[in-house]
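These figures come from a predicted structure and were not determined experimentally. Note on naming: letters A, B, ... go to the chains in the order of the sequence lines (proteins, then strands), and numbering restarts at 1 for each one.
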Amino acid sequence: MRNAFFRALKKLFVEDGDVYFITGDLGFKLYDELQAHDPERVINAGIREAAIAGMSAGLASEGALPFIYSITPFITLRCLEQIKLDICYHNFKVAVIGVGGGLAYGENGPTHHGVEDLALMRLLPRMSVFCPAGPVEVEKCVAAVKSLDGPVYIRLGRNGESELTAPGVEPDIFGPQIMVDGTDVNIIATGPVAGAAMSAAAILKEEGISARVVKVTRLKPLDEAALLNAVVPGRPVAAVEEHAGGAALALPVADALLRAGSVPRFAKICIPDEFPRKCGSHSALMAWAGLDAESIASECGRLVRGS
Amino acid sequence: MLPEREADNLRETARLVRADVLRMAQRSKSAHTAPALSCADILVALYFHAMNADPQNPRMEGRDRLVFSKGHGAMALYACLARRGYFPVELLESYLCDGSGLWEHPSAGGLPGVEFATGSLGHGLSIAAGVALGLQRKKSAARVFAIVGDGECDEGSVYEAAAFAGARRLGNLAMVIDNNGLQACGLCDDISGCVDRVKFFESLNWRVLEADGHSFESLADALSQRGPAVGAPLAIIARTVKGKGVSFMEHNLEWHYRPPSADDLEKALKELGA
């Protein structure tokens with residue numbers, strides 16, 4: 001997804017002379033082509049995220065369209081106040097790009113895990129929030145930035161993610177998209193973990209449970225009407241996210257359901273409220289978090305059986 | 001003045017530490033080999049010479065503390081701790097394995113000898129300042145050391161911590177800057193301009209020394225410059241080379257990222273005589 005981002009950015013960068021790429025000393029060799037095209041608009045500002053966020057607001061005020069980039073927690077938590085005030089409060093169009101969202105930086109440890117970003121960005125007025133599920137969605141999100149009002153947050157994975165939509169099917173980055181149809185349980189998922197949700201549906205099918213998997217890429221604004229339409233009414237709902245506390249997807253989905261008068265059996269499948277104690281690769285940590293296909297299937301099976 | 005025999009011993013230990021780092025990196029395909037090599041001698045000078053510590057009693061009250069703020073140099077920290085006796089050297093083989101306590105950046109509460117989790121740059125000097133305050137409150141004779149990267153000094157929080165430490169006269173705090181001139185995507189001078197770190201920290205009421213970060217005589221001398229516990233904190237700007245000790249890695253940004261292959265490892269170990 002990281003490579004997809006730079007591919008898409010290069011296209012935009014060449015077309016639009018207002019686009020800037022600003023990095024906090026990350027992305028070695030990945031922005032060389034941008035640099036070769038127009039070095040004035042490529043800035044390695046150093047390891048100083050608060051300054052980068054503030055500076056991007058200033059640049060945006062002068063007509064630029066900055067894309068600011070770092071590892072997810074550094075470009076969100078580290079400079080949250082600058083994003084809130086300098087960017088969002090002024091409604092400047094800045095694209096905030098967090099690479100390696102969730103547990104994607106695996107062995108690097110909790111300092112590099114960005115698991116609160118989506119909720120925090122959702123809380124900021126005027127911020128659009130995207131959690132693309134694969135490389136093509138990343139390219140669509142980047143292409144969409146210019147047409148959106150105000151600032152945008154895009155959480156990228158890292159590398160090696162598969163394309164989740166079937167060949168010939170256009171990924172929908174704005175509204176909920178049914179990835180697997182089913183009737184017994186709704187699994188709503190955001191980001192690359194939707195792949196694990198789809199695999200979970202296959203496991204459940206073997207157990208005689210028909211799961212519907214609904215992918216949601218744009219978390220803010222959340223298309224609630226479309227979401228309520230996309231779920232099987234009256235059936236249990238599990239919300240799956242590579243994020244802490246269910247705060248990216250589960251809580252807003254539950255909120256939407258409740259306000260619509262729908263109170264299905266509900267589960268949030270998300271990163272637990274603790275730091276991982278033992279080192280692990282991305283996949284090992286996803287298993288620790290209960291976000292692998294087997295764990296998701298098990299939780300959904302429990303939901304359906306009511307046990 | 002560091003006795004010759006002790007200097008020789010420190011050099012030998014540093015050789016072992018470098019070999020450990022290279023083996024860890026090759027086995028795990030980890031990034032950050034060159035950053036670990038650049039601070040290896042600083043770590044050895046601290047753990048094997050300057051710091052009062054007992055590996056059998058890692059939380060000994062009167063111990064000197066180290067905040068390893070340059071967290072991505074973790075392989076060198078782990079190797080030093082192992083060689084110093086905090087845990088078995090064999091444990092280094094578990095670096096980055098699923099279930100291991102040895103993450104790519106030091107974790108919290110994971111390993112004996114690791115005082116604080118680091119890895120998000122710019123945190124450690126503030127933590128060290130707080131430790132220094134706490135030690136002053138206890139009227140302890142212990143010192144707190146911080147190893148900070150030069151690129152890490154980009155972060156505003158380093159300025160904040162430094163200003164605080166100078167203002168609060170944390171004379172029991174000593175920071176060593178691993179000044180190798182390179183950061184993740186280029187030369188520090190290109191990214192941040194030519195910062196005069198001596199003037200910078202002096203302007204914040206620190207006492208500043210420069211040292212050769214690969215000379216134990218120079219490091220030992222600088223680390224011994226201890227003022228009163230309530231007084232100016234000490235900054236040692238240690239000139240280092242990223243990738244020091246392996247000729248094809250020195251001052252080469254590729255080796256921030258690239259793990260050594262089996263061939264690279266063999267060549268590197270041969271150079272080290274390990």
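- Interface check for chain A: of the options B:His105, B:Glu104, B:His32, the most heavy-atom pairs under 4.5 Å are formed by B:His105.
- With a threshold of 4.5 angstrom between heavy atoms, A:Arg277 approaches chain B through N, CA, C or O but not through any side-chain atom.
- Within the cation-pi definition used here (under 6.0 Å to the ring centroid, within 45° of the axis), A:Arg41 qualifies as a partner of A:Phe13.
- Residue A:Phe275 does not touch chain B at all, counting heavy-atom pairs closer than 4.5 Å.
- For A:Phe28, the parts lying near chain B are the backbone and the side chain together; criterion is any non-hydrogen pair under 4.5 Å.
- Using a 4.0 Å cut-off between charged nitrogen and carboxylate oxygen, B:Asp20 and B:Arg83 count as a salt-bridge pair.
- With values rounded to the nearest 0.5 angstrom, A:Thr23 atom OG1 is found 5.5 Å from A:Asn44 atom CG.
- No salt bridge links B:Arg65 with B:Glu115; every basic N to acidic carboxylate O contact stays at or beyond 4.0 Å.
- Of the atoms belonging to B:Ser107, not a single heavy atom falls under 4.5 Å from chain A.
- No salt bridge links A:Glu139 with A:Lys11; every basic N to acidic carboxylate O contact stays at or beyond 4.0 Å.
- Chain A is approached within less than 4.5 Å, heavy atom to heavy atom, by B:Leu253, B:Glu254, B:Tyr257 from residues 246-260 of chain B, ordered by number.
- The distance from the NE2 atom of A:His243 to the CG atom of A:Leu118 is 4.5 Å, given to the nearest 0.5 Å.
- Interface remark: A:Ala51 contributes no atoms to any contact with chain B (heavy atom separation under 4.5 Å).
- At a 4.5 Å heavy-atom cutoff, B:His72 makes no contact with chain A through either its backbone or its side chain.
- Within the 4.5 angstrom heavy-atom criterion, only backbone atoms of B:Cys97 (N, CA, C, O) approach chain A.
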Check against side chain to side chain contact (heavy atoms under 4.5 Å, CB included), A:Val142 and A:Leu12: CA-CA 8 Å; A:Val142 170; A:Leu12 195 64; 4.2 Å; yes

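- Atoms CG and CE, from B:Leu43 and B:Met75 in turn, are 12.5 Å apart once rounded to the nearest 0.5 Å.
- Heavy-atom pairs under 4.5 Å with chain B were tallied for A:Ile71, A:Thr111, A:Ile47; the largest tally goes to A:Ile47.
- Per-residue counts of heavy-atom pairs under 4.5 Å with chain A were compared for B:Cys153, B:Gly186, B:Ser192, B:Gly101; the largest is that of B:Ser192.
- Both the backbone and the side chain of A:Pro276 come within contact range of chain B, with heavy atoms under 4.5 Å apart.
- Between B:Asp150 and B:Arg239 there is no salt bridge, since none of the side-chain N atoms of the basic residue sits less than 4.0 Å from a carboxylate O of the acidic one.
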Criterion ring-ring contact (aromatic ring centres under 6.0 Å, His included) on A:Tyr69 and A:Phe5, from CA distance to verdict: CA-CA 11 Å; A:Tyr69 174 92; A:Phe5 167 71; 5.8 Å; yes

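- Summarising the local packing, CG of B:Asn57 is surrounded by more than 12 heavy atoms from other residues, nucleotides or ligands at distances under 6.0 Å.
- Aromatic ring pairs are classed by plane angle as parallel below 30°, tilted from 30° to 60° and perpendicular above 60°; the pair B:Tyr86 and B:Tyr47 is perpendicular.
- Neither the backbone nor the side chain of B:Ser28 has a heavy atom closer than 4.5 Å to any heavy atom of chain A.
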